[in-house]
Amino acid sequence: MVHRHAGSKTALIRIARDEDSVRTVAADQGKGMSSERLLEIQSHGSGVGIMGIRERIRQFRGEMKIESNGAGNSVMVAIPMPKQDPSADREPLRTAV
């Protein structure tokens, strides 16, 4: 995907968790996109891929932010983690398919 859409051969993916959320950043060093195209994507999505990702993130009350410049793109996702009672049994994280 990164090579196809961004023209980049590499990408950096970071995943971090704190007490409140899980955060993911995917960044490439590709061609980036124009400010007009970025605004279109940020305002109402573009294509099935971005819209599908947004839908899944919303199911978990998360947020997605896309940034771009002439040196690549970054997609940041934050999904809140529910507060858990330390004495309660932990359930596995459920994913949307």
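- A search for salt bridge (Lys or Arg N to Asp or Glu O under 4.0 Å) contacts involving Glu55 returns nothing, not counting sequence neighbours.
- Considering every non-hydrogen atom in both Asn73 and Gly32, the closest pair reads OD1-CA, 3.5 Å.
- If you take CG on Asp28 and OG on Ser68, they are separated by 8.0 Å, rounding to the nearest 0.5 Å.
- Alongside Leu12, the hydrophobic cluster contains no other residue (criterion: ILVMFWY side chains under 4.5 Å).
- Cluster membership for Met64 and Ile79, using ILVMFWY side-chain heavy atoms within less than 4.5 angstrom, is shared.
- A chain of hydrophobic side-chain contacts below 4.5 Å, direct or via other Ile, Leu, Val, Met, Phe, Trp or Tyr residues, connects Ile53 to Met33.
- Separation of atoms OG1 (Thr24) and CE (Met76) is listed at 11.5 Å; rounding is to 0.5 Å.
- The two atoms that bring Gly62 and Pro80 nearest to each other are CA-CD, 3.9 Å, heavy atoms only.
- Tracing side-chain contacts under 4.5 Å through hydrophobic residues (I, L, V, M, F, W, Y), one never reaches Val25 starting from Ile66; they form parts of separate clusters.
- Ion pairing between a basic and an acidic side chain is recognised when a charged N comes within 4.0 Å of a carboxylate O; Glu63 and Lys65 show no such pairing.
- If you chain together hydrophobic residues whose side chains sit under 4.5 Å apart, Val75 and Leu38 fall into the same group.
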